[in-house]
There are 2 protein chains.
Amino acid sequence: MGITKTDLFTKEQNELAVLAKAFAHPARIAILQYLLDSNTCINGDLVNELGLAQATISQHLRELKNAGLIQGNIEGVSMSYCIDPEKWEDVKELFNGMFDKIHNCGPKDECC
Amino acid sequence: MGITKTDLFTKEQNELAVLAKAFAHPARIAILQYLLDSNTCINGDLVNELGLAQATISQHLRELKNAGLIQGNIEGVSMSYCIDPEKWEDVKELFNGMFDKIHNCGPKDECC
DNA sequence: ATTATATATTGCAATATTACGATGAATAGG
DNA sequence: CCTATTCATCGTAATATTGCAATATATAAT
């Protein structure tokens, strides 16, 4: 029915899914990579950088902000975004907590 | 328009987005965690474990398989799934390549 | 062959996402 | 005050996702 049954899952599972959803669009990845690269935070240069309309970029920025991955600071007329370093660290650890849970499958990888 | 303009982005950006999309549902996280935990790979126990219909689980499994995260082996009547260890390692490195790109912001976190 | 078991696929309804033009709000400069 | 600039929000169209019942397929056992 297009609606996710979040109540069936743990808090951690839902948290990971929400964060993954924030990463689940190449424009948002591109925005994050841009921010990672230019540390000094950026606004609507993204409109020129990516080939998307201003409204679309704004929408993606809002989603990244809702997920807590980025912050926005008013800078006169323009809006300056940047990655939230603490959240970023949390997210990294949350994902790696999952990535690292894989077992060592013995000498000949007989997992399955 | 509901369609992602993949041609605007790099191969890596699209790859990350596709993988993130595979993670972007708590049921799929739950399935992966189950597989990570029971190493010995699992099939429709997931239907009992999670509270979702068999068809729904099957659909999620297909998406995880399409993303390359899991493999399916026919085991008599049933289907045995497991995580693809090599792909898992690739995915981990791809995500960490992004996570680790964050700059050290100097003594007082003056990023923005 | 028939039945039981296990999983995949199809078809559909409800909802979510993506994209953009148009419009609104807020600031800076004249 | 008027205008330009920058960004957010609204409304809308196109498409994707989620979930499940029903049905199909495939193997194993009797």
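All values derive from a computational prediction rather than experimental measurement. Chain naming here is simple, since letters A, B, ... match the order of the sequence lines and numbering starts at 1 in each.
An OP1 or OP2 oxygen of D/dC20 is reached within less than 4.0 angstrom by a side-chain nitrogen or oxygen of A/Lys5. Phosphate contact (OP1/OP2 of D/dT6, side-chain N/O of A/Tyr81, threshold under 4.0 Å): absent. Checking the phosphate oxygens (OP1, OP2) of D/dG19, a side-chain nitrogen or oxygen of B/His60 falls inside 4.0 Å. Side-chain N/O atoms of B/Arg62 include one lying less than 4.0 angstrom from OP1 or OP2 on C/dT9. A close approach under 4.0 Å does not occur between any side-chain nitrogen or oxygen of A/Lys21 and OP1 or OP2 of D/dT17. Taking only side-chain nitrogens and oxygens, B/Thr56 comes nearer than 4.0 Å to OP1 or OP2 of D/dC20. Distances shown here put every side-chain N or O of A/Ser58 at or beyond 4.0 Å from the OP1 or OP2 atom of D/dC7.
Put simply, CD1 on A/Ile74 is 10 Å from P on C/dA26, counting in whole angstrom units. As rounded to whole Å, 13 Å separates atom P of D/dT18 from atom CG of B/Asn66. Atom-to-atom, CG of B/Leu46 to C1' of C/dA8 comes out at 15 Å; the value is rounded to the nearest Å. Across the protein-nucleic acid pair, B/Glu63 atom CD and C/dT9 atom P stand 12 Å apart, rounded to whole Å. The distance from atom CD1 of A/Ile70 to atom C1' of D/dA8 is 13 Å, rounded to the nearest whole Å. Taking atom CD1 on A/Ile42 and atom C1' on D/dT6, their separation rounds to 14 Å, with Å as the unit. Distance CG (B/Leu64) to C1' (D/dT17): 14 Å, rounded to an integer number of Å. With rounding to whole Å, A/Lys65 atom NZ is found 12 Å from D/dC7 atom P.
Nearest nucleotide to the side chain of B/Gln59, out of D/dG19, C/dA19, C/dT27: D/dG19. Residue B/Ala53 has its side chain nearest to D/dC20 when only D/dC20, D/dT27, D/dA8 are considered. Distances were taken from every side-chain heavy atom of B/Val77 (C-beta onward) to each of C/dT5, C/dT18, C/dT15; the shortest belongs to C/dT5. For A/Met79, the listed nucleotide lying nearest its side chain is D/dA8; candidates were D/dT18, D/dA8, D/dA22. Comparing D/dT18, C/dT5, D/dG19 against the side chain of B/Leu52 picks out D/dG19 as the nearest.
Ring planes of A/Phe95 and B/Phe95: parallel class, angle under 30° (limits at 30 and 60°). Between A/His25 and A/His60, the ring-plane angle classifies as tilted under the 30° and 60° cut-offs.
Taking every heavy atom of both residues into account, B/Leu16 and A/Gln33 meet most closely at CD1-NE2, 4.3 Å.
No engagement by A/Glu75 is indicated, since no non-hydrogen atom pair under 4.0 Å with the nucleic acid exists.
For D/dA8, the base has a donor-acceptor partner in the side chain of A/Gln54 [N/O atoms by modelled type, under 3.5 angstrom].
The main-chain N or O of A/Lys21 is found under 3.5 Å from a side-chain atom of A/Arg28 such that the two form a donor-acceptor pair.
Between B/Thr6 and B/Ser78, it is B/Ser78 whose nearest contact on DNA chain C lies nearer the 5' terminus. Each of B/Ala24 and A/Ile57 was matched to the nucleotide of DNA chain D holding its nearest heavy atom; the match closer to the 5' end belongs to A/Ile57.
Contact of the A/Pro26 side chain with the B/Thr4 side chain is registered, since non-hydrogen atoms from C-beta on lie closer than 4.5 Å. Side-chain contact between A/Ile42 and A/Ile31 is absent, with no heavy-atom pair separated by less than 4.5 Å.
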